[in-house]
Amino acid sequence: MGIGLLTLKVIIGFAALFFLILATGKVSINQLSPYHLVFVLVLGDFLGESLYENKIKIFHFLYAAGLWTLLMLAIEYLTQKKKSARSLLEGNPSIIIRDGVLDREMMNKNKLDINEVASLLRLNSVFSVREVQYGILEENGQISVLLKSKYDQTVKEDLNIPESEVDLPISFIIDGEILLDNLQERGFDHEWLLNELKANGYNNEKEVFFADWREGEGIHISPK
């Protein structure tokens, strides 16, 4: 392929993608729905193939990209005009945490495990599920968090409250299994944990979906 043709393809491809992005709306990366993401990936693949494959003409790239964009715009139109289509194609927000308790059924429905939820919470500067009044899984896979009033982010300096040591919560049980290393790290043993469970109305760890522990607040449990 000559340098002139390659340059022409790059310029046309760049202009086409720029136009297509404007036509389909400006959406930040963390707001991409599943079909938005597929749309961007396929467009990039179209451009890559056209640049390095001599058999793919500029017209073919423009046709494929244009048709793909029309399909994308059709989906956008459906999701804006039809509530049923919006629910099918984009999904609906799901409440996966209520009053500090994980909803296992909703997590399974959305194909989420505990570690993924914990990671999403940490991205919201939340380090324990006990802090959350409501946790809502959005269509884009992010979690919106409403904290309990006692964990709101009021600045202590504003209220002249002395600083206290910050303690990181640690998981003791995940999906019915005891994390012995974490338990021993905090100086506890299996018998102590079973006594804590029984004091909270659980016979053993198999009845617990998730449990963590924090200094000064003790154990917090989400049942199965």
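Predicted model only: the values in this text are computed from it and were never measured. Numbering starts at 1 and runs along the sequence shown. Scope of the values below: all heavy atoms of this structure, side chains included, with no hydrogens, waters or symmetry mates.
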Separation between NE2 (His190) and CD1 (Ile178), nearest 0.5 Å, reads 3.5 Å

So CD1 of Ile136 and CD of Gln142: to nearest 0.5 Å the spacing works out to 13.5 Å

On the 0 to 90° scale, with breaks at 30° and 60°, tag the Trp213-Phe188 ring pair as parallel, tilted or perpendicular. perpendicular

Worksheet item: Going by atom types only, do Ser128 and Asp212 share a side-chain donor-acceptor pair under 3.5 Å?
Response: yes

The reported gap from CD in Gln133 to NZ in Lys150 (rounded to nearest 0.5 angstrom) is 11.5 Å

Using the rule given for side-chain contact (heavy atoms from CB on, under 4.5 Å), can you reason through Arg98 versus Val101, listing the C-alpha separation, both sets of side-chain angles and the distance that settles it, and then say yes or no? CA-CA 5 Å; Arg98 296 174 186 268; Val101 177; 5.7 Å; no

**Study point:** Linked, directly or transitively: Leu112 and Phe209 (ILVMFWY side chains, under 4.5 Å)
**Key:** yes

Q) Should the pair Arg214-Glu131 be classified as a salt bridge under the 4.0 Å nitrogen-to-oxygen rule? A) yes

Heavy-atom closest pair (Val208 atom, Asn204 atom, distance to 0.1 Å) is CG2-O, 4.1 Å

Test side chain to side chain contact (heavy atoms under 4.5 Å, CB included), reference Ser171, set Asn115, Ile114, Leu179, output is Leu179

| task | Would you indicate whether Lys109, at its atom NZ, is surrounded by more than 12 heavy atoms from other residues, nucleotides or ligands within a distance under 6.0 Å? | result | no

In this structure, CG of Leu102 is separated from CG of Asp175 (nearest 0.5 Å) by 11.0 Å

What side-chain donor-acceptor pairs closer than 3.5 Å can you find for residues 191-203, not counting sequence neighbours?
unit_1 : atom_1 : unit_2 : atom_2 : d
Asn195 : ND2    : Glu191 : O      : 3.3
Asn200 : ND2    : Glu196 : O      : 2.8
Asn203 : ND2    : Glu207 : OE2    : 3.1

Output for pair (Glu105 CD, Ile96 CD1), nearest 0.5 Å, gives 13.5 Å

In this structure, CD1 of Ile95 is separated from OH of Tyr134 (nearest 0.5 Å) by 6.5 Å

